[in-house]
There are 2 protein chains.
Amino acid sequence: MTTAARRPATLDDVARAAGVSRSTASRVLGGNGFASPTARERVRTAVDLLGYVPNPAARALVHGSGVRLLIAVAGTDPTVLDDPYVDQAVAAVARACTPHGLGVAVQWVPLAEPERLTRLTDDRGVAGLVLLNTTPALLDLVPRRLAGRAVSIGIGSATVPSVDIDNGGGTTAIVRHLYDTGRRRIAMVTGPRWLACANRSVRAYRALVHEAGLPAREVVGDFSANRGYAAAREVLRRWPDTDAIVGISDATALGVIGRLRADGIRVPDDVAVTGFDDIPLAATVALTTASHPVRQIITAAATMVLEQRTAPETTVFPSALVVRGSA
Amino acid sequence: MTTAARRPATLDDVARAAGVSRSTASRVLGGNGFASPTARERVRTAVDLLGYVPNPAARALVHGSGVRLLIAVAGTDPTVLDDPYVDQAVAAVARACTPHGLGVAVQWVPLAEPERLTRLTDDRGVAGLVLLNTTPALLDLVPRRLAGRAVSIGIGSATVPSVDIDNGGGTTAIVRHLYDTGRRRIAMVTGPRWLACANRSVRAYRALVHEAGLPAREVVGDFSANRGYAAAREVLRRWPDTDAIVGISDATALGVIGRLRADGIRVPDDVAVTGFDDIPLAATVALTTASHPVRQIITAAATMVLEQRTAPETTVFPSALVVRGSA
DNA sequence: CACACACCTGGAAGCGCTACCACCACAATC
DNA sequence: GATTGTGGTGGTAGCGCTTCCAGGTGTGTG
């Protein structure tokens, strides 16, 4: 539009165009310090005219603030990053960061080697930290430098605030629904044992079946549809009279349903199946599940670090039972 | 580990620890310029010892190179960003960028106002550009500054290279498969008209049905399951004898199947349904679809800008027919 | 033995920005 | 009339890094 070989304007250009010093221009843009209405006005118009956007690198350099949010995902191996849930988290954080001029990065932190996190946070480019699949060991390794700029999705600590899903409540609602609709031999395909949020679901399941005097039937899964597919067969092999299967996630449940249907077992007539998460497809395939606003949760987490909350609070988002066709 | 209040090391710290000047240390790390083996060695060990990671902001500042990749997604409204496909793209780009010390940002560019892209690229923080849902107008607005640092997913131009899916080939394979299995009244739920890749699919469909002397039956969709759900009913209302529905995406197909099943129409016995993309769930629900390595495609795109390819080449990734239960 | 020419090195400038400081008006106070 | 503000301003020092440049050493050549 303007000149041929456009070079993004610098603050100097703005100052010159506005006929003020760089300092004044900076003060106007930063909003702090004094500036006369005239100066303010002239700088504003110069900014508009030149399409000036501050250079985040320069800003980060002088503030020592870093330039991107790091999403650290704990897991046994790098394939955790292949999880669509991580995709969603990364994208949601990116969307929250973009208006603040921050980028996002993702990295896997091996479960067996949490201190690897330190190497990642030694990077001054890291402005903040979002922990996914958090373990207690990881929380202790969040450096002081990032205090108030770190948040955990899942469990928190005295220094690291967290946002979390009410997995226990969600699972309780699901299992109770199964019980209320006459299911008495309820099995569960769980998540990885080391994952706090998965454990809360499992504990809720156990508490409820125990309370009802039913046996607990657990097969360890990993959130994936594939694992659900295999786990379904294992459940029915070990406990053939099972009449309900609780999936730790929607993907798990979808895998379970796939296997059951392939084996000629009717859902929900023979076996009821439930999921957890309420992914978009759950509605399409009529999956009974627990719904929680994942995007909202992640966005809340990102917002916490962007706005630099200091209070190590835990925000728990509710989980709502959604009854559809599968149970 | 080391000192209590750890402050990430700077190049000065490294130089001091290694007993050389900052310049020498920088030269060793940059790999360019001369440096004696001794100096090289000492700097290396100092780096390891201190856990030094270069400050990307300072680096970007001196190089004028920017600090994050921008993913610009064209669409009629900001909800395009809610698409899981965008999630996946953002996450994949983030994964590719992270090792390079770059972050990612996402922004919507209104279809009706492509020049809004200029405001985004005026930000010196932008090191590179990935265009999603690209339109020709957008390609022309890629600034010179980003030449060789921009890539389009979909259509490209003389200056902007692209990576693309062989939508035409994939759709041809699908429609041919439907024809070969006896379907003669094949309808299609299309994508938005302005989207080049969707149009290629539609054109392939038209060409094939035309060639076979069949009528084209099109309902405009938008890639979403919801729209597929609604579109399925519209198809059957307008052409009750339809015996196959080609979905522009897996989500569309899933929506179509959901509606058909809800209406008591058997899939594939009464109506065959096909998708496009081969999302993870497609296998679970036995959807016949065309598969293409989306993650690999996005990664290829990201790699192109990270490695600053200059040749405006177009890389087309093949699309493979995956026959499963739904058609 | 002077010279060129390699290799190697530290000093210093500067990327674009913010923040501190010194300064200057002008008004209000003693 | 000297003093203390108060609102406004520009100069300048850096943030951590790269890169250019001047100045070293040491080898090989005329």
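Note on naming: letters A, B, ... go to the chains in the order of the sequence lines (proteins, then strands), and numbering restarts at 1 for each one.
Note that CD of A:Gln88 is 10.0 Å distant from CG of B:Asp82, once rounded to the nearest 0.5 Å. Going from atom CG of A:Leu129 over to atom CD1 of A:Ile71 covers 9.5 Å, rounded to the nearest 0.5 Å.
Comparing D:dG16, C:dC17, D:dG11 by their closest approach to the side chain of B:Asn55 singles out D:dG16. Checking C:dT18, D:dG10, D:dT9 against the side-chain heavy atoms of A:Val20 singles out D:dG10 as nearest. Of the candidate nucleotides D:dC17, D:dG16, D:dT9, D:dG16 has the atom nearest to the side chain of B:Leu61. Checked against D:dT12, D:dT19, C:dC17, the side chain of A:Pro54 finds its nearest nucleotide in C:dC17. Considering only side-chain atoms of A:Ser23, the nucleotide from D:dT18, D:dT12, C:dG10 that sits closest is D:dT12. Counting only heavy atoms from C-beta on, A:Ser21 has its side chain closest to D:dG10 among C:dC17, D:dG10, C:dA12.
We find that A:Asp87 and B:Arg295 are joined by a salt bridge, their nearest charged nitrogen and carboxylate oxygen being less than 4.0 Å apart. Ion pair B:Asp13/B:Arg16 flagged as a salt bridge, since at least one NZ, NE, NH1 or NH2 atom sits closer than 4.0 Å to an Asp/Glu carboxylate oxygen. Here A:Glu113 pairs with A:Arg116 in a salt bridge; the nearest charged N to carboxylate O distance falls below 4.0 Å.
B:Pro56 comes within 4.0 angstrom of no nucleic acid atom, judged by non-hydrogen atoms across all strands. At the heavy-atom level, B:Ala35 lies under 4.0 Å from the strands shown only through sugar-phosphate atoms. Backbone-only engagement by A:Thr10 is indicated by non-hydrogen atom pairs under 4.0 Å involving sugar-phosphate atoms exclusively.
Computed from coordinates, the A:Leu29 CG to C:dC17 P distance equals 9 Å when rounded to whole Å. Rounded to whole Å, the distance from CZ on B:Arg16 to P on D:dC17 is 12 Å. The CZ atom of B:Phe34 sits 6 Å away from the C1' atom of C:dC7 (whole-angstrom rounding). Atom CZ of B:Arg22 and atom P of D:dT19 are 14 Å apart (whole Å). Rounded to an integer number of Å, the gap from CG of A:Asp12 to C1' of D:dG10 is 12 Å. When rounded to the nearest whole Å, the span between CG of A:Leu11 and P of D:dG11 equals 14 Å. As rounded to whole Å, 13 Å separates atom P of C:dT9 from atom CD of B:Glu41. In this structure, A:Asp13 atom CG and C:dC17 atom C1' are separated by 13 Å, rounded to whole Å.
DNA chain C is contacted by both A:Ala57 and A:His63; A:Ala57 maps to the nucleotide lying nearer its 5′ end (nearest heavy atom per residue). Comparing B:Ala39 and A:Arg27, the nucleotide of DNA chain C nearest to each residue sits closer to the 5' end for B:Ala39.
Heavy atoms only, all atoms of each residue included: A:Trp194 and A:Ala74 are closest at CH2-O, 3.5 Å.
OP1 or OP2 of C:dC17 has not a single side-chain nitrogen or oxygen of A:Ser26 nearer than 4.0 Å. Here B:Thr24 does not reach the OP1 or OP2 of C:dC8: none of its side-chain N or O atoms lies under 4.0 Å away.
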